[in-house]
Q: 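Please find one structure pasted underneath; my questions will follow.
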Amino acid sequence: MPDTYTDDAPIATSKHSDAAVGVTTDLIDGQGGAITARAVTINRPASELYAYWRDFTNLPTFMDNVVSISPIDGELSHWVVKAPGGKTVEWDARLTEDTPNELLAWTSEPGADVANSGRIEFRDAGARGTVVTATIAYDPPGGAIGKLIAKMFQREPAIQARRDLRRFKQLMETGEIATSSRTQAQLQEERA
Amino acid sequence: MRALAWHGKHDVRVDTVDDPEILNPRDCIIKVTATAICGSDLHLYDHYIPTMQAGDILGHEFMGEVVEVGSKSTLKKGERVVVPFTIACGSCYHCGKHQYSACDNGLPADNQDIGQEMYGQPMAGLFGYSHLTGGYAGGQAEYVRIPFSDVGPIVIPDGIEDEKVLFLSDILPTGWMAAENAQIEPGDTVAVWGCGPVGLFAVQSAFLMGAERVIAIDHFPHRLELAKKFGAETINFEESATYDALMVMTGGIGPDAVIDAVGLEAHGFFVDNVVDQIKASMFLGTDRTHSIRQAIIACRKGGRVSMPAVYGGFVDKFPLGAFMEKGLTLKTGQTHVQHYMPGLLNAIMEGKIDTTFLISHRMDLEEAPKGYKMFHDNQNEVTKVVLKPGLGFAA
Ligand SMILES: NC(=O)c1ccc[n+]([C@@H]2O[C@H](COP(=O)([O-])OP(=O)(O)OC[C@H]3O[C@@H](n4cnc5c(N)ncnc54)[C@H](O)[C@@H]3O)[C@@H](O)[C@H]2O)c1
Ligand SMILES: [Zn+2]
Ligand SMILES: [Zn+2]
């Protein structure tokens, strides 16, 4: 990784393959981390978006892979997330930063199935609403199952984060999540 | 319910499938009273469009009666509505600018990936038009689920028959927007390539917008006759050399505005596998562009190019030099149907626009496969097939 950056693009969009390592090692324990960032502009005020996100139990509504998030106390929550082969991975996450209407960040506690951290920023964009930027850093685990999970986490987070943000935007802007299912049965299958 | 489902190339069938249900608060369900087969449906019939799945219900030009409403729908049971073919939310930035076909939220999140990769940003959803455009079930059926029913469908007053307003769903606004994109000034000469429904409505619209002359180009005599009925001069490109004819007819200047209403025609919407194409980054297949190329070359210096015709992939030999050197302007896009519906409904009610001239065949929904075959095999005489559930069979 070059010592000095020459542009203003987010690190997650760097063409240097090792750019992520420097950042992820700062955020979480472990090596070989990966990072992904996505931004979306949502035609609603930052305060509304922040408030919805701040209640972590809301997140499974639009995050497809997240089965549940249960609060433990004001700062700790327990996450259950879908993994390949019908399995789940779990961790406790600690809220590390919380600036109302601007920023939320969390990091998994030691012993997580997948070490990870997330950061979501809300920036006022005037007449266009709010720019929401999500940065997810994670440490793909080793071992046999680890490889499977890594496969999922290495390929998926970028796509997953993008889709989750689109669903968040749909929910906030339109009050619902778009589906092309025709019947309840199809919808249940799609959301399973 | 009964619905026209796609099963493969030149294989469409009327199947019995589960009725649609309200799934989101803003949904409504309509009972279809009239639906049309579009030229664009033939691209599906010919299997030029990827991401089709056996059993997909087709149809994006339809209207009907509201029979069920979600908690946030503003429609009432019993109202008669025409449904825009573009599925748009009405609440995003683009909808706020009335750029409905660019809606951010019309497509399910997962279906947005392809558009994001291919075009840089995903577009709105469309009814009955492959999974690339959302995988929404279409309107060639007895019932349809309509998302965002509080902002899409337009309520039709009693006393106007279905056939007069059905084309508000797609081709009338498309022809109108094509003329609007040509930025016509009084005294202009406008040339229109293609006398299908879109071209014919563009001809009518261009005159309404103050064009002095409209020159319509096609090779089907019957379609050229229809253009002539609306006051256009015609060029049959099989009988005459289009560019030479245009230059003589415009005193060597060229048309002030040109409209390409041909597009893919019968040949290759996308190269067969879009996803492979993206992966390979080797764009060997290209959209056919004969008409747009000719339109650019014929257009006068400083003129306007309007392109309602649909292109999906990449083009070869696009006359970028002529385009730049002559200082042309190009406007295009999927139609922002919701924006044009109210004004055009008024124009129909005031008798300023004739829509029913286009309909050459009326059939029961059960006869839809026959309708597709006829439309596919005989474009000269078959200008528009309208399907009506429960119409009964012709002798
Ligand atoms: N922008 C939109 O939102 C939108 C909506 C509907 C349709 N469309 C597109 O508009 C186009 C026209 O639609 P349509 O339903 O009228 O189609 P159509 O197939 O019925 O009509 C096309 C006509 O073009 C003629 N033609 C073929 N090659 C020609 C050439 N080289 N020069 C002149 N004419 C030629 C054909 O004979 C035919 O009559 C299609 O590309 C369709 O997909 C766009
Ligand atoms: Zn159509
Ligand atoms: Zn929208």
Side-chain angles (χ1 to χ4, degrees), chain A residues 13 36-45 48-49 59-66 82 124-132 134 155-192, chain B residues 1 3 17-27 29 53 55-57 70-72 87-97 103-113 115-117 121-122 124-131 133-138 141 143-145 147-148 150-151:
Chain A
T13 62
T36 182
R38 293 286 167 192
V40 67
T41 302
I42 303 183
N43 198 6
R44 304 297 310 167
E48 199 176 297
L49 306 181
L59 304 192
T61 316
F62 62 89
M63 290 186 171
D64 249 16
N65 274 354
V66 180
K82 283 180 211 164
D124 180 46
R128 289 184 187 228
T130 305
V131 174
V132 180
R155 246 193 353 202
E156 293 277 286
I159 297 171
Q160 202 58 48
R162 187 160 84 181
R163 292 178 175 177
D164 286 346
L165 281 181
R166 286 177 191 146
R167 276 184 286 265
F168 180 53
K169 176 180 161 78
Q170 289 180 337
L171 193 60
M172 295 295 102
E173 287 187 341
T174 75
E176 55 188 53
I177 293 172
T179 175
S180 57
S181 293
R182 193 172 73 250
T183 62
Q184 283 292 350
Q186 285 175 355
L187 183 62
Q188 295 320 316
E189 201 176 302
E190 180 193 304
R191 300 254 156 103
Chain B
M1 67 166 179
V17 300
D18 291 334
D19 285 358
E21 294 165 340
I22 299 275
L23 301 179
N24 271 330
R26 296 170 65 183
D27 290 355
I29 308 278
Q53 293 172 14
D56 282 351
I57 299 170
S71 60
K72 295 253 170 67
I87 299 173
C89 78
S91 344
C92 71
Y93 173 78
H94 293 97
C95 284
K97 292 185 80 87
C103 173
D104 287 339
N105 299 315
L107 284 178
D110 297 6
N111 295 75
Q112 295 185 20
D113 288 335
Q116 182 106 38
E117 299 295 335
Q121 290 95 27
L126 308 181
F127 282 102
Y129 217 77
S130 87
H131 292 259
T133 65
Y136 287 96
Y143 297 93
V144 195
R145 171 184 161 250
F148 307 123
D150 53 328
V151 291

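Lettering follows sequence order; numbering is per chain, from 1. Just so you know, these numbers come straight off a predicted model, no measurement behind them.
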Q: Can you tell which part of I177(A) gets under 4.5 Å to a heavy atom of chain B, answering side chain, backbone, both or neither?
A: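 For I177(A), backbone heavy atoms alone lie under 4.5 Å from chain B.
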
Q: Are the side chains of I57(B) and M1(B) in touch, meaning some heavy atoms are under 4.5 Å apart?
A: yes

Q: Let me know if L107(B) has heavy atoms under 4.5 Å from chain A in its side chain, its backbone, both or neither.
A: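 The backbone, not the side chain.
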
Q: Taking atom types as modelled, which donor-acceptor pairs link chain A and chain B at under 3.5 angstrom?
A:
residue: N43(A); atom: ND2; partner: S91(B); partner atom: O; Å: 3.1
residue: R128(A); atom: NH2; partner: Y93(B); partner atom: OH; Å: 2.9
residue: R162(A); atom: NH2; partner: D113(B); partner atom: OD1; Å: 3.2
residue: R162(A); atom: NH2; partner: E117(B); partner atom: OE2; Å: 3.4
residue: R163(A); atom: NE; partner: D113(B); partner atom: OD2; Å: 2.7
residue: R163(A); atom: NH2; partner: D113(B); partner atom: OD2; Å: 2.4
residue: R166(A); atom: NE; partner: Q112(B); partner atom: OE1; Å: 3.0
residue: R166(A); atom: NH1; partner: A109(B); partner atom: O; Å: 2.7
residue: R166(A); atom: NH1; partner: D113(B); partner atom: OD1; Å: 2.9
residue: R166(A); atom: NH2; partner: D113(B); partner atom: OD1; Å: 3.4
residue: R166(A); atom: NH2; partner: Q116(B); partner atom: OE1; Å: 2.9
residue: R167(A); atom: NH1; partner: D110(B); partner atom: OD1; Å: 3.2
residue: K169(A); atom: NZ; partner: D104(B); partner atom: OD2; Å: 2.9
residue: Q170(A); atom: NE2; partner: N105(B); partner atom: O; Å: 3.4
residue: Q170(A); atom: NE2; partner: L107(B); partner atom: O; Å: 2.8
residue: E173(A); atom: O; partner: S91(B); partner atom: OG; Å: 3.3
residue: E173(A); atom: OE1; partner: N105(B); partner atom: ND2; Å: 2.7
residue: T174(A); atom: O; partner: R26(B); partner atom: NH1; Å: 3.2
residue: E176(A); atom: OE1; partner: R26(B); partner atom: N; Å: 3.0
residue: I177(A); atom: O; partner: N24(B); partner atom: ND2; Å: 2.9
residue: T179(A); atom: O; partner: R145(B); partner atom: NH1; Å: 2.9
residue: T179(A); atom: O; partner: R145(B); partner atom: NH2; Å: 3.3
residue: S180(A); atom: OG; partner: G134(B); partner atom: O; Å: 2.8
residue: S181(A); atom: O; partner: R145(B); partner atom: NH1; Å: 3.1
residue: R182(A); atom: O; partner: E21(B); partner atom: N; Å: 2.8
residue: R182(A); atom: NE; partner: D18(B); partner atom: O; Å: 3.1
residue: R182(A); atom: NH2; partner: D18(B); partner atom: O; Å: 3.3
residue: Q184(A); atom: N; partner: E21(B); partner atom: OE1; Å: 2.5

Q: Looking at CZ of F127(B) and CD1 of I87(B), how far apart are the two atoms once the value is rounded to the nearest 0.5 Å?
A: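 The CZ atom of F127(B) sits 4.0 Å away from the CD1 atom of I87(B).
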
Q: For the residue pair C89(B) and C95(B), what are the closest heavy atoms and their distance?
A: N-SG, 3.7 Å

Q: Nearest heavy-atom pair of A39(A) and L165(A): which atoms, and what distance?
A: N-CD1, 4.4 Å

Q: Do I42(A) and V132(A) pass the side-chain contact (heavy atoms from CB on, under 4.5 Å) test, and can you show the C-alpha distance, the side-chain angles, and the key distance before you say yes or no?
A: CA-CA 7 Å; I42(A) 303 183; V132(A) 180; 3.9 Å; yes

Q: Please name the pair of heavy atoms, one in G106(B) and one in C103(B), separated by the smallest distance, quoted to 0.1 Å.
A: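 Between these two residues, the closest heavy atoms are N-SG, 3.5 Å.
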
Q: Using non-hydrogen atoms and a 4.5 Å limit, figure out which bit of I22(B) sits close to chain A: side chain, backbone, both or neither.
A: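 Just its backbone gets close to chain A.
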
